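Throughout, a chain's letter reflects where its sequence line sits, starting with A, and its residues are numbered from 1. Since the model is a prediction, treat every value here as computed from it, not as a measurement.
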Amino acid sequence: MTAAITTPAIRLNHLSFGRPQARILENINLQLEAGHFLGIVGPNGAGKSTLLHIICGLIEPDDGHIDLFGECLSRGSRKRLLSQLRFLPQRQEGMSGMPLRVRHVVAMGLDSAYGPLWQRAPHRNLIDQALERTGIMAYADTDFRALSGGQQQRVRLARALVAMPRILLLDEPAAALDAPAQAKLYKLLRQLCDELDMSIVMVEHDIAAISDYVDSVACLNRSIHHHALRGETIPEQVWHDMYGNHMHIVAHDAACIGCSSHGDGPHNNETHYGQNT
Amino acid sequence: MMHEFLASVVMREALGPATLIAVVASSISVMVLAHRLAFLTVGVSHATLAGLGFAVVFSLPLLPSAALTAIAVALMLGVVSPKRGMNEDAATGVLFAGAMALGIVLLSGANRHEVDLFGLLFGNILMTSSEDRFWLVCGSVLAMTSLIWLAKPWWGMAFDAVSMRAMGLPVRRYRLLLYAVVGLTVVMCVKLAGIVLTAGLLVLPAASAWLWGRGLFSIWLISLFVSLIGTWVGLYVSYMLDWPSGATVVLLLCAIFIVSRITHRLVHHREARRHH
């Protein structure tokens, strides 16, 4: 990565997680500038979600430390630092059993939504803006449970965006979306980085789908095997280290990150993982 | 008949505490349902028997001792549950049986005139001392204040606690407070419905409201309404037919719940047919 001129939004130093004999993450070093869009790819069980959980303070690393906006993430600074960060966890079933209107779900992304009862939280324009951005304005007063999986995902995205965080962490945000909606989502995220200087870390399976939008891709399997900037080629050895030898390579556009000139990259559906999982 | 009911001193004195309990229980029941704590309320209410046993043996005031036991047990379950390896369900079951057994052993040694075991098990709202009423008011104020303060985070947590923690909100603290308040409310309900029937007061109002409400406040209001109707009509019916009051109230709440479900189904069927 280029040398930092301003304080980086995220900085991970020698981060490790898990027992020393069986590390889930090992010696992760990462730095993210404001406005940078980072994609993280890797096989199942590579520790991608764990890494996101550590960055947003859900679990504590066993080694190393995390700086957000140039300040160490600790018990004391946690509340202040994390109020400028939002995390969109992987989609889960069974949490949608509560009667809630879409507008209220989105409002839950604001700190002011958790005050005492007498405190009214208007912020209507912020909520409207988030609904508009994610294209779900029409469902503002619909019951959240009545929406389809893809629509629910967009509501959750709106909730993560509503406070205009400086850091956004996304764990497979496109899992419930069809291809056009996926492209729209990535485009929106790109726009947020460019216009609002938001820093985004996104975990995604399909490197081909995101490579047009992200600034860089980190290949993660226990440790970061490679960190490629846009247009850079990821050496074939990295793929072998990450996925083992039984991987199926399919052709991609030459312009995408990670593909060499004759075009190769992993096809995640048909990859057989080695002993690294 | 109504005149007779209101003329009865016993009933008039029971009406105040019963109403107070109805308001608190129905408000907390919204959170019980949102967080799926129905089984916890059962466990905690049975565990209060151990507290009452100790209170009788060491002649401590009954309601505060029971309240402390309930809060301690609820907090214990709140601490145990997030840890891996111990299922909250199993933990509740173990505590439920253990505390109940301890309570029975302790109470068996007590003088039969000291303890109204039937009242403890099935409620005795018709016999509230002024001391009881004082503790009931204290508990209600505490529970309602916490609810006014924390209803929004509690509601949000039930929806998605992970995102809230990632925002830097003290979700663990909120959860422990919720468990403590549920424990406190359980003890107050024991006064009206008894150990065995308490879960009814803490589940049925919100369960009836759940299908109709569109958010926290509408569910809360409907649940409040259901609970008050159930309690008032229940007391009246229990007086008229000479039924045990706690059981009558719970029975009425059950009836409201069933009617609410059936009506909801009928209404939705009609709506669905109109859409076709």
Colleague: Is A:Tyr139 atom OH crowded by more than 12 heavy atoms from other residues, nucleotides or ligands, each under 6.0 Å away?
Modeller: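 No, not enclosed.
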Colleague: Are there over 12 heavy-atom neighbours, none belonging to B:Trp135, within less than 6.0 Å of that residue's CH2?
Modeller: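 Result for CH2/B:Trp135: open.
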Colleague: I'd like to check the side-chain contact (heavy atoms from CB on, under 4.5 Å) partners of A:Ala181; sequence neighbours left out, ordered by chain and number.
Modeller: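 A:Leu177, A:Asp178.
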Colleague: With the side chain counted from C-beta on, respond yes when A:Phe87 and B:Met167 share a heavy-atom pair under 4.5 Å apart, and no when they do not.
Modeller: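 No, every pair of side-chain atoms sits at 4.5 Å or beyond.
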Colleague: Which one wins on heavy-atom pair count under 4.5 Å against chain A: B:Gly156, B:Gly168, B:Pro170, B:Ala151?
Modeller: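 Option with the greatest count: B:Gly168.
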Colleague: Considering only heavy atoms, give the residues of residues 211-230 of chain B separated from chain A by less than 4.5 Å, sorted numerically, with 'none' for an empty result.
Modeller: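 At a heavy-atom separation under 4.5 Å, chain A is reached by B:Gly213, B:Arg214, B:Gly215, B:Phe217, B:Ile219, B:Trp220.
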Colleague: Would you say the ring centers of B:Phe159 and A:Phe144 fall short of 6.0 Å from each other?
Modeller: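 They qualify: ring centres under 6.0 Å apart.
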Colleague: Checking heavy atoms, do the side chain of A:Thr142, its backbone, both or neither come under 4.5 Å from chain B?
Modeller: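 Only the backbone of A:Thr142 comes within 4.5 Å of chain B.
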Colleague: Can you tell me which portion of A:Asp141 sits under 4.5 Å from chain B's heavy atoms? Options are side chain, backbone, both or neither.
Modeller: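 Backbone only.
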Colleague: Side chain, backbone, both or neither: which part of A:Arg101 has a heavy atom under 4.5 Å from chain B?
Modeller: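 It is both, since atoms from each part get that close.
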Colleague: Can you check whether B:Trp155 reaches A:Leu100 side chain to side chain, under 4.5 Å on heavy atoms?
Modeller: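 Yes, close enough: below the 4.5 Å cut-off.
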Colleague: At a 4.5 Å cut-off on heavy atoms, which part of B:Ile148 comes close to chain A: side chain, backbone, both, or neither?
Modeller: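 Both parts, backbone and side chain.
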Colleague: Measuring heavy-atom distances to chain A, does B:Trp154 have an atom under 4.5 Å in its side chain, in its backbone, in both, or in neither?
Modeller: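 Nothing of B:Trp154, per the 4.5 Å heavy-atom cut-off to chain A.
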Colleague: At their closest point, which heavy atom of B:Arg165 faces which heavy atom of A:Leu58, and how far apart are they?
Modeller: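 It is NH2-O, 2.7 Å.
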Colleague: Could you tell me the separation between the CE atom of A:Met108 and the NZ atom of B:Lys152, rounded to the nearest 0.5 Å?
Modeller: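 The CE atom of A:Met108 sits 10.5 Å away from the NZ atom of B:Lys152.
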Colleague: Could you tell me which non-hydrogen atom of A:Arg78 sits nearest to which non-hydrogen atom of B:Leu169, and how far apart they are?
Modeller: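 Between these two residues, the closest heavy atoms are NH2-O, 4.4 Å.
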Colleague: Nearest heavy-atom pair of B:Ala166 and A:Leu82: which atoms, and what distance?
Modeller: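 Result for this residue pair: O-CB, 3.6 Å.
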Colleague: Count the heavy atoms belonging to other residues, nucleotides or ligands that lie under 6.0 Å from CD of A:Glu60, then report whether that count exceeds 12.
Modeller: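 At most 12 heavy atoms, drawn from other residues, nucleotides or ligands, come within 6.0 Å of this atom.
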